[in-house]
Each structure stands twice: as structure tokens, then as C-alpha cells.
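Below is one structure, written out as C-alpha cells; comments come after it.
By convention here, the first residue in the shown sequence is residue 1. Heavy atoms only: backbone and side chains are in, while hydrogens, waters and symmetry mates are out.
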Amino acid sequence: MLPNPVIPNSVHFLTRRTINGHFFLKPDSETCHIFRFLLAALAERYSILVHHFVIMANHYHLIVTDQGININ
């Protein structure tokens, strides 16, 4: 399967699940804090604007805008 093309200023709906659907993203404050921190750090590094996200026990959803390519 080929990767999706990177188009600046395009909006994407992303969803990913955990390995084998296991409940690794337990809904507690520590897990949410870590997820938010990593999402913010990666969004800044790769010029991604996060509109909305939902964290569930075995998957997450993101609505993001790619603001351009920032490779470093």
C-alpha cells in the first residue's frame, strides 16, 4: 500500500488502533497527559494544526491540517 500524498493545507481525518486492539490507552489522567504532550510536540515539529482529537481505550481519532513540510 502506498502512503498518502502530503498536500500542504489539506485537512485529514486520521485514526489508529493499538496492537491487536488491546486497551493500552486506558482513560486516566496520566495517559491523556502523555498523549497530549506527544501530540503537541509532533504537531509543532511537523507543522501540523490539530483541530480535534479523541482518545479511546484501543484507538484514537485526529482531525488535522498539514501546514506544509518541515523536515528536520
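When all heavy atoms of A43 and V50 are compared, the closest pair comes out as CB-CG2, 4.0 Å. For L25 against H59, the heavy-atom pair with the smallest separation is CD1-O, 3.9 Å.
Expressed to the nearest 0.5 Å, how far CD1 of I55 lies from CG of L39 amounts to 8.0 Å. Taking CG of L62 as the start and CZ of F53 as the end, the distance is 8.5 Å to the nearest 0.5 Å. Atom OH of Y60 sits about 10.5 Å away from atom OG1 of T18, to the nearest 0.5 Å.
The number of heavy-atom neighbours closer than 6.0 Å to CZ of F35, taken from other residues, nucleotides and ligands shown, is above 12.
Remark: F13 pairs with H61 by the ring pair (Phe, Tyr, Trp, His ring centres under 6.0 Å) rule, at least two apart or across chains. For F24, the ring pair (Phe, Tyr, Trp, His ring centres under 6.0 Å) criterion is met by H22, not counting sequence neighbours. Scored by the side chain to side chain donor-acceptor pair (under 3.5 Å) test, N9 finds no partners at all (sequence neighbours excluded).
F37 belongs to a hydrophobic cluster whose remaining members, ordered by chain and number, are I34, L38; membership requires side-chain heavy atoms of ILVMFWY residues under 4.5 Å apart, directly or through intermediates.
Among residues at least two apart or in separate chains, side-chain hydrogen bond (donor to acceptor under 3.5 Å, both in side chains) pairs with a member in residues 26-43 are D28-T31.
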V64/H12 under side chain to side chain contact (heavy atoms under 4.5 Å, CB included): CA gap, chis, key distance, verdict: CA-CA 5 Å; V64 299; H12 301 275; 4.2 Å; yes
